Number of protein chains: 2
Amino acid sequence: MALHANSDIRAFFEPRTIAVIGSLNEWGGLGYTAINNMRRFNFAGRIYPINPSYKEALGLKAYPDVGAVEDQIDLAIVITPKQKVPGIIDQCAQKGVKAAIIVSDGFAETGESGARLQRQIVEISHRSGLRIMGPNTIGTLNTENGLVTNPYFISYDKIYKGNIAYCSQSGIVGAQGQPLKDQAYPISKMCDLGNKCDVNEVDLLNYLSQDPQTSVIAMHIEDVKDGHKFIDTVRKVAARKPVLLLKPGRTERGAKASASHTGSLAGSERIYDAAFRQAGAIRLNTWREFWEIPRVFINQPLPRGNRIAIITFTGGVGVASVDTAEECGLTIADFSPATVSRLSKLSPQLARNPVDLGPIIPVTDDPLPVLEETIAAVLDDSNVDCVTATLYASSGAETPVYMDIFDRVMKNVTKPVSIWIYGTELGPMEELSRQVQGRGLPAYFDIELAIKALATAAHYSRVKSSLNQGATGISNIRIS
Amino acid sequence: MALHANSDIRAFFEPRTIAVIGSLNEWGGLGYTAINNMRRFNFAGRIYPINPSYKEALGLKAYPDVGAVEDQIDLAIVITPKQKVPGIIDQCAQKGVKAAIIVSDGFAETGESGARLQRQIVEISHRSGLRIMGPNTIGTLNTENGLVTNPYFISYDKIYKGNIAYCSQSGIVGAQGQPLKDQAYPISKMCDLGNKCDVNEVDLLNYLSQDPQTSVIAMHIEDVKDGHKFIDTVRKVAARKPVLLLKPGRTERGAKASASHTGSLAGSERIYDAAFRQAGAIRLNTWREFWEIPRVFINQPLPRGNRIAIITFTGGVGVASVDTAEECGLTIADFSPATVSRLSKLSPQLARNPVDLGPIIPVTDDPLPVLEETIAAVLDDSNVDCVTATLYASSGAETPVYMDIFDRVMKNVTKPVSIWIYGTELGPMEELSRQVQGRGLPAYFDIELAIKALATAAHYSRVKSSLNQGATGISNIRIS
């Protein structure tokens, strides 16, 4: 691997030219679908369909093999029966292709004969310098240039540009398996590493740490190829950008399942865990956290401490969320006398944290100025490091007013805010969530997740300053 | 309180006649809205609007006071300025009204003068036998008779009939604060206890334990009026129906917040926790769990043990979910040789738990029979106590086929199943979820929740048999 420079990884995400090698049958041929996906997402580069049975596909000239293309090829996407893969990879190497994504499966993940095939590929990679992602992967996605190497049908045609990189060792983290449009996740890059015969999590971290579009990295990994190198890399990257890790192996059996799925050693999983944390990786526990927590890092400053203020329209939820805050390593802020007096002017009942607007709103002619003054007062308090506020979604008519409120109160504020959305219909809740996120604020349907997102930001804030001070140990905040 | 029989509580849920005392202004008057809500939900009883300024409302004759109504009144809903409430309650008592829900707020929750007003009400209740719910409550909901006492606008007009009772001390647990229709929660009763000046959690548990429409009780409480009585009641009820408890106070600060919100003693919270668990209450941690976990108890048998099989279409999710299962107190089932051989016939890769159908589905002409045989094989295995299976939601065309599969494989099975749904568009995912739930299977968008639901069922299974054997201690499974 040391043969290859990290900049090689760029070809997987920023190719100017792509060869798609696979079935061009317009009724579900995987090569055809891959090309069609890139068309629908407006891929900015040139695409060359490769298949000896076709002269043309999707209005593009088809070539019998990659060697026949006159252009230089940055990236080859290989979606053929596995037996053909080594020959094709050899042709790619001879052609001087920079990078290949092998979508085909049936390699090391299936047993010895597959592993033998995979070793042939690795050998070509080492010999030629051709970098390989996979096999057994859906490859990459880049919202900047419309790249999506996934050869399965995607039911939507918009992915929101943003600054989260989602990386995985599973096809579930891809446009064909997630409601990316409906959820409006602000994405820079996505990547499925598959079997990691060549390109691995270290290559990816190095690339993403340099990627100007990426400001937070959410990574699902099952195994780590080289623990020491990974830990060194995480430490380097986490000093600049949050690295959030969803990794099985928190339990004995989880570690075993992970090992048998990937062929790595189970024993090492538990040992590395402490080292991951020491290096500044933040461990997540669920897939929902994996998808939703990274949004707290987009467009928002890091909290300077761990004191949270919670504003709800319902006392019951506010009180119940105190446990969540405490369990995540936050503390409930004690409001300053100035804030207490400012809130008391609105209503004496408001001057405590969590702030419950519930009794005030029904008896106020126009509750929105009360909401605005409450958020402003709490944000101004120097005893408060971060805020979870509540919005109620109804018809959608109130959305622009909400947005104006946040535009005003957030203007001179350098504290992060997360939003808990509730309501009586999922449609308006989902739309309000997209709108709020469009303004750069992370929105959640679970108040616990809204709070945990801020706890993760507070945790990373400490990790980052600790790493940048050259400290070797990270303070012991537990994100449970 | 001992003056009143528990059957009094029926009037709060099963009134034949209701007096609604409040503003009848058709532009947002709370009395008007309450009546209108009951009309929209087809309330089966007679409604009497009470307001001296009106002769008529919504086509119903209005009365100046409750005493003027010729009919007997089972339930009064009081939604007036707080100063008027004691007088109205007195009139209700004189009229022989059985039960009153006081929606009005500004009582004990706001300080001494409110507490004084509340004591006047309690005094009337004790003297007359009139049972009172609240004040500061949105009251009750009953899907059996269309009762909904909530005086706030509800944006939908269908709530699914089912067997879950959701009880709370917060207005958030009500039709005006939750997407009950979109989520298709199968509901029997809902109740907000408010300030609990008379009717409290013990009355409610006793009523719900006898309610034939209720088979599981999800209860959010902030304080307990009489700890010993509550624990005795839980023990009695939990022997028949699961009692799931969302109660703040897991942390020191959470207990303090809860105490200051309700006026109870913080110290006792922590002490009671162990007792709650000993009595068989199952503690939940989040609002999402509160809403979604009870569904596992509807229409399904309890698991006989804690061995789970997990079937996914994606290895990455399956492997990551092993940790969740173990952390919830489940163990990953070891398949019997018969199951291994049955699954191996489909593909050698399938014969391990979690079962990953991911590599099989794309290369199978018709993957649905493979899915069916996999679920059937796993359900047949005597080493398996419960199953989480996966469904992919796309256009919705596959929904009837999925339903047929479950109809067949579940026919002779006495094990619970939970479903993890994923897909690329929220609309079809939500629709499939409603369909699956309509067939009696609990569906979740988070695999962790699908697993945790089964863990909760396994936990309750032990609680129930332990309580029914007269044991005093409950085995120590932790639902974390």
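A, B, ... follow the sequence lines: proteins, then strands. Residue 1 opens every chain. Computed from a prediction, not measured in an experiment: that's the story for all the values here. Reckoned from all heavy atoms, side chains included, excluding hydrogens, waters and symmetry mates.
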**Request:** Go through the atoms of B:Phe153 and report whether side chain, backbone, both or neither lie under 4.5 Å from a heavy atom of chain A.
**Result:** neither
**Prompt:** Of all of A:Leu449, A:Asp446, A:Ile447, which one pairs up most often with chain B through heavy atoms under 4.5 Å apart?
**Reply:** A:Asp446
**Asked** So which part of B:Thr424 gets closer than 4.5 Å to some heavy atom of chain A, the side chain, the backbone, both or neither?
**Response** both
**Message:** Looking at every heavy atom in both B:Gly22 and B:Thr80, which two are closest together, and how far apart are they?
**Reply:** CA-CG2, 4.3 Å
**Fill in**
From the list B:Asp323, B:Thr312, B:Val322, B:Val317, the residue making the most non-hydrogen contacts under 4.5 Å with chain A is B:Asp323
**Asked** How long is the gap from CD on B:Glu448 to OG on B:Ser321, to the nearest 0.5 Å?
**Response** 7.5 Å
**Fill in**
Of A:Glu430, A:Gln349, A:Lys181, the largest count of non-hydrogen pairs under 4.5 angstrom with chain B goes to A:Glu430
**Prompt:** If you tally heavy-atom pairs under 4.5 Å against chain A, which of B:Pro179, B:Gly254, B:Ser170 wins?
**Reply:** B:Pro179
**Contact origin within B:Ala325 toward chain A - heavy atom pairs under 4.5 Å** = neither
**Asked** Between atom OG1 of B:Thr137 and atom CG of B:Asn150, what is the distance when rounded to the nearest 0.5 Å?
**Response** 9.5 Å
**Top contributor to chain A interface from B:Gly318, B:Ser155, B:Gly106 [non-hydrogen pairs under 4.5 Å]** = B:Ser155
**Fill in**
Interface check, chain A: of B:Leu426, B:Thr286, B:Leu246, most non-hydrogen pairs under 4.5 Å belong to B:Leu426
**Request:** Please identify each residue that fulfils salt bridge (Lys or Arg N to Asp or Glu O under 4.0 Å) with A:Glu326, with sequence neighbours left out.
**Result:** none
**Message:** Determine whether B:Lys196 and B:Asp223 satisfy the following criterion, salt bridge (charged side-chain N to carboxylate O under 4.0 Å, His left out), listing intermediate values before the conclusion.
**Reply:** CA-CA 10 Å; B:Lys196 303 198 289 197; B:Asp223 63 341; 3.0 Å; yes
**Asked** Are B:Gln176 and B:Asn37 linked by a side-chain donor-acceptor pair shorter than 3.5 Å?
**Response** no
**Prompt:** Of all residues at least two apart in sequence or in a different chain, which pass the ring-ring contact (aromatic ring centres under 6.0 Å, His included) check with B:Phe41?
**Reply:** none
**Fill in**
Ranking A:Ala320, A:Ser168, A:Pro354 by heavy-atom pairs under 4.5 Å to chain B gives rank one to A:Ala320
